[in-house]
There are 2 protein chains.
Amino acid sequence: MEEAAALLKQKGLKVTPQRLAILNLLRNTKEHPTAETIYKKLASDFPTMSLATVYKTLEILKNMGLIQELNVGESSFRYDANTNSHPHVVCISCGKVEDLDESLLKDVLEEVSQYTDYKLVDQKLYFYGYCPICR
Amino acid sequence: MEEAAALLKQKGLKVTPQRLAILNLLRNTKEHPTAETIYKKLASDFPTMSLATVYKTLEILKNMGLIQELNVGESSFRYDANTNSHPHVVCISCGKVEDLDESLLKDVLEEVSQYTDYKLVDQKLYFYGYCPICR
DNA sequence: ATTGATGCAAATGATTTGCACCGTG
DNA sequence: CACGGTGCAAATCATTTGCATCAAT
């Protein structure tokens, strides 16, 4: 059985074609698509699938820790199958969102810990600029 | 004339009591309020003011560079009269949002520049954890 | 067979917009 | 006194929810 199906079963979730398709789509792209984008991409394979199902599925996958939700500052969320809270760079010209290495966090987190008395548990770092193609 | 009025005039904006109140409120708080919060806080002084006016005013102040809009991951935006794009810490227990020093950015920005070929122009950094009171 | 999943349509909630009236410059 | 600003109500748009039907276990 494919990995995606195994992951769903592991979490006690019913394995449906829609869920497999959504999870696989996210696991095989670097594009950080929105719910709408996912819906459109799967429309040809699942003509009857509704946007509500996409949203419900994303909600479940998120709660199960199989995907994460990104808020890059747009009007809608993006989704990422990489569940580590890693930093992202956003191209303000073409809208592309790329992953950055988690190792970049180490130094900042230490600095922030020193400056505040907070017990830090998570972070969201977004960098904005022009990508190599657009600059 | 108070500074807020001067700022508005400088930008060629009409100085109205509502605008003054909103700008002053933001300039005198560390709380990063939402449009709704601002509306409620000013309700006693301006019983006839509508939420739409708050939104329209915030939009204008933002475009004029007098305030900035924060997206901490909640369902609504928060606003900040500090227009430098400085990092924030969010307490996940009490919901408080505090400013961090801009100097924390220097090292990360350099690292990110090295890792990517992007020409960086801005960034949004949010750290989440428990504040000294809540931890 | 049961129970949870799907899909449609209607509900929500933050934000935006249209427009008539009002106040600032 | 002209024009931008205000306030109300209606419109948007992403996301959520209710509910009847359907399919995975």
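First the proteins, then the strands, lettered A, B, ... as listed; each starts at 1.
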Residues B:Glu69, B:Tyr79; criterion side chain to side chain donor-acceptor pair (under 3.5 Å); working and verdict = CA-CA 5 Å; B:Glu69 195 172 62; B:Tyr79 296 88; 3.1 Å; yes
Select from B:Glu36 and B:Pro17 the residue whose nearest nucleotide in DNA chain C is closer to the 5' end of that strand.
-> B:Glu36
Between A:Ile60 (CD1) and C:dT6 (P), how many Å, whole number?
->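 After rounding, the gap between these two atoms is 7 Å.
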Specify the separation, in whole Å, of atom CD of B:Glu59 and atom P of C:dT15.
->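 Computing the B:Glu59:CD to C:dT15:P distance gives 12 Å.
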What does [X] touch in the nucleic acid at a heavy-atom separation under 4.0 angstrom: a base, only the sugar-phosphate, or nothing?
| X | result |
| --- | --- |
| A:Thr53 | base |
| A:Thr34 | nothing |
| A:Thr16 | sugar-phosphate |

Phosphate oxygens OP1/OP2 of C:dG23: is one of them under 4.0 Å from a side-chain N or O of B:Gln18?
->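 No, because none of the side-chain N or O atoms of B:Gln18 sits under 4.0 Å from OP1 or OP2 of C:dG23.
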Side-chain N,O (A:Ser50) to OP1/OP2 (C:dT6) below 4.0 Å =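 False: A:Ser50 side-chain N/O out of range (4.0 Å or more) of C:dT6 OP1/OP2.
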Atom CD of A:Glu98 with >12 non-hydrogen neighbours under 6.0 angstrom | yes
Of the nucleotides C:dG4, C:dT24, C:dT6, which has the atom closest to the A:Lys14 side chain?
->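 Per side-chain heavy atoms of A:Lys14, the pick is C:dG4.
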So, are A:Glu59 and A:Lys56 salt-bridged, with charged N and O less than 4.0 Å apart?
->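 Looking at A:Lys56 together with A:Glu59, the answer is no, because their closest N to O distance does not fall below 4.0 Å.
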Counting only distance, no hydrogens or angles, is the base of C:dG25 paired donor-acceptor with the side chain of B:Lys9 under 3.5 Å?
->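 Check fails, no donor-acceptor contact within cut-off.
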Less than 4.5 Å apart, any side-chain heavy atom of B:His88 and any of B:Arg78?
->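 With C-beta onward as the side chain, the pair stays apart.
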Would you say B:Asp80's side chain and B:Asn82's backbone share a donor-acceptor pair under 3.5 angstrom?
-> yes
Exam field: side chain A:Thr29 to backbone A:Leu25, donor-acceptor pair closer than 3.5 Å =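 Answer holds: no.
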Going 5' to 3' along DNA chain D, which nucleotides are the first and last within contact of chain A (any atom under 4.0 Å from a heavy atom)?
->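 Contact boundaries, 5' end first: D:dA14 to D:dT25.
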